Amino acid sequence: MDKNYYITTPIYYPSANPHMGHAYSSIIADFFARFKKIDGYDVHFLTGTDEHGDKIVQAAEKEDTTPKAYADKISQLFQDLLPLLNVKNNRFIRTTDPDHIAVVKAMLSKIYDSGDIYFSSYEGLYCFGCERFYQERELVDGLCPDHGKAPETIKESNYFFKMSKYQEWLVDHITSNPDFIQPEQYRKELLSFLKEPLEDLCISRPKTRLTWGITLPFDEDYVTYVWFDALVNYISALGYPDDDRFKTFWPTARHFVAKDIIKPHGIYWPIMLKAAGLPIYNGLNVHGFWNVQGSKMSKSIGNVTDPVEVTGEYGVDAFRYFLMREMVFGLDANFTEDAIVARINSDLANDLGNLFSRVLSMNHRYFKGNVQGADPALDDQYSLEKDAAKAIDAFSEAMGLCRFHQGMTAVWEFISTMNKYIDTNEPWALAKDESKTSHLAAVLYQLMEGLRTVAGLISPVMPDTGLKITRALGLSVPEDGIFTLDTIRPWGQIPTGITLDKPAILFPRIDVKKEKAVQAPKTKPFKPALKEEITIDEFAKIDLRAGTVISAEKIEKSNKLLKLQVDLGAETRQIVAGIGKSYTPDQVVGKTVIVVANLKEAKLMGEVSQGMILAASRKKDLILSGFNGEPLPGNPVK
RNA sequence: GGCGAAGUAGCUCAGUUGGUUAGAGCAUGCGGCUCAUAUCCGCAGAGUCCGGGGUUCAAGUCCCUGCUUCGCUACCA
């Protein structure tokens, strides 16, 4: 039976330059793809850019260029990053590629014809500045967060995708395929989300608002929007529907994504596939975020966090190793230079690099570089074959469980075993005793074989280093550069009689300045983070007044809302406030508080709220604002 | 508010279906070796396994409860 595997990264949205997160997604997917290759699979590996939508249009306008020209430019940055990261993809797809556009249209037609796309109008809060709708909860004090203006209620018609129809099916699919979403916590997160009724997905934008997109095949006046366009890339890249690649690879698809986009991938995408009558992809591997130190640090430590710079500074293999080793797959991790330097010095330079160096140096010193081979009679005493096999098995097992960092530690345990083995067998002592020459030869040969195994196992994470070691051991490298696990495993492959060069340094140690420059005084960050700066003019738009609460009652169905009548001098307002956890109605009556008086009216739990009262929030407690003196209701607050 | 994840040595994390004195790596201290990139090997370290209850012959591991952090979600005005 053929072993095929299809691996994808997310397609990146080129509204900004590539950063650590992009680099990680690409590298982990590449790492996994390379592992699957050495595990004997025929792998198809896809990455690309998602180029339609508002933000691209806006970014292009800023640079006074067209969306396509802008997308070309940024997409190129993403493409250029790949070789720097040693990522080897089979295709780089762009959602502006003609074949992709054709497939999106075909997909839309298919679902439209089957009746799962319908036309409907709805009302919403629309900001003309942003040219987009806002949910109420996205607004900041009722205003558009970008423009500080109150959005207007407008009516619009659009096409909707009947996701709700497939909710039950999806829950069942996720439940009955435990491997579908990895790791487990994200599977639970999705199932928890699916406990609530799913809303249908709006999949279009009228061309009056957005033209930079793919025109709907069934309505010339609309383009399709975001996810419906983007997700389809995974099949259009395979030449859906007719290409053999689609038939071969699609059922084996494994998507790597960051945790912020599990909903589109874990919910929209399988439902889209189901609605179109296509097989569901095999699974989703969700990873966490890299917390990158934002604050400036002293020059001596440096603060290199741009993936391109990090690669330049420490080398691509070290960077890849660090990312794979340091992050527990699925969880967040910290990226600091201290951490990467520590990994390089201890794991790469001291453990692996030095092992490689001492073994080949000894072979050079004692046998002039000539490979002696091991006397089988001494195997019982010296063989490392079982330790190597154990490493291969543990590595494979961890990889199969998405425990990538454990895959690394499995290899490093073997490296440690070999360092210990040298200490135990003391080749330098064997060298002094002429009767022990065959023992010395055996020890060195076992170690070289161990290094050969290590080279194979690290080749997915550090392709260059894997090849360096392999070549240094006098082995030829297959044309595709791939040693499969099956070809790595057999013991005793290094030919005897050949002569090896003196070893090069694989990973130079990095000097750490003993006195770490005085850490910048720890400024406590605001929690929550401070909002964007505003001008006095913007602030002046908010009309704050003193208001006296004249009555208050609890809203029955709510657990925290109080309905207040507030005297503002000129008029009495009804204000719904979420302070019911901290105050009983009795406690607020008579209090004079600060009221946002020009806030657009809103409805909460069916009750009209004409303003908002200010309160400090301390943990879960709310503390009402107040005054030192006694203002009159309606007095302005500045 | 609801749902979920996490809280284990200075740091990063393991701890499987509850079972002997709670582990690893890094960092620290001491000792050893000398082939090697001042590397390697060994030894040491008194961790309230977040707190408090409970089940059990036995709990980091199960149950209840509280706290902290994070994520998703909501009636966050």
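Please read all numbers here as calculations on a predicted model, not as lab measurements. Values below: all heavy atoms of this structure, side chains included; hydrogens, waters and symmetry mates excluded. Labels below follow one simple rule: chain letters A, B, ... track the order of the sequence lines, proteins then strands, and each chain is numbered from 1.
Remark: the separation of the P atoms in B:A5 and B:C50 is 16 Å, to the nearest Å. The gap from the C1' atom of B:A6 to that of B:A46 amounts to 27 Å, rounded to the nearest Å. If you take atom C1' in B:A59 and the same atom in B:A22, they sit 12 Å apart, rounded to whole Å. Nucleotides B:U37 and B:C43, compared at atom P, are 26 Å apart to the nearest Å. Comparing B:C13 with B:G7, their P atoms sit 10 Å apart, to the nearest whole Å. The same atom, P, is picked in B:U8 and in B:U48; the two are 11 Å apart, to the nearest Å. With P as the reference atom, B:C26 and B:C40 are 8 Å apart, rounded to whole Å. B:G29 and B:A14: their P atoms are spaced 28 Å apart (whole Å).
Between A:Tyr321 and A:Trp412, the angle of the ring planes lies from 30° to 60°, which puts this pair in the tilted group.
Counting non-hydrogen atoms of neighbouring residues, nucleotides and ligands closer than 6.0 angstrom, the CG atom of A:Asp501 reaches no more than 12 such neighbours. Counting heavy atoms of neighbouring residues, nucleotides and ligands inside a 6.0 Å radius, atom NZ of A:Lys259 exceeds 12 of them.
At the phosphate of B:C40, OP1 or OP2 sits under 4.0 Å from a side-chain N or O atom of A:Asn350. For A:Arg509 and B:U39, the shortest distance from a side-chain N or O to OP1 or OP2 is below 4.0 Å. At the phosphate of B:A77, neither OP1 nor OP2 sits under 4.0 Å from any side-chain N or O atom of A:Arg573. Close to B:C70, at under 4.0 Å from its OP1 or OP2, lies no side-chain N or O of A:Lys259.
A:Asp347 comes within contact range of no nucleotide atom at all, as no heavy-atom separation falls under 4.0 Å.
Residue A:Met612 places its side chain closer to B:A77 than to any other of B:A77, B:U34, B:U73. Candidate nucleotides B:C35, B:U37, B:G42 were compared by shortest atom distance to the side chain of A:Lys420, and B:G42 ranks first. Across B:U73, B:C40, B:C35, the shortest atom-to-atom separation from the side chain of A:Asn354 is found for B:C40. Candidate nucleotides B:C35, B:U37, B:C41 were compared by shortest atom distance to the side chain of A:Phe507, and B:U37 ranks first.
Checking B:G42 for Watson-Crick or G-U wobble geometry (two distances, each under 3.5 Å) identifies B:C30 as its partner. Pair assignment for B:U55: none, as no Watson-Crick or G-U wobble contacts are both less than 3.5 Å. Under the Watson-Crick and G-U wobble criteria, each requiring two contacts below 3.5 Å, nucleotide B:C13 is paired to B:G23. Across all strands shown, B:C70 pairs with B:G4; the Watson-Crick or G-U wobble distances both stay below 3.5 Å.
Remark: aromatic rings of A:Phe404 and A:Phe329 are close, center separation under 6.0 Å. Residues A:Phe180 and A:His173 bring their aromatic ring centres within 6.0 Å. Ring-centre distance between A:Trp290 and A:Phe322: below the 6.0 Å cut-off.
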Short N/O separations, protein against nucleotides 11-14 of chain B, under 3.5 angstrom:
none

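The minimum heavy-atom distance between A:Ala442 and A:Tyr421, with the atom names listed, is O-OH, 4.5 Å.
Under the side chain to side chain contact (heavy atoms under 4.5 Å, CB included) rule, A:Asn345 has a single partner from A:Val341, A:Leu348, A:Asp347, which is A:Val341.
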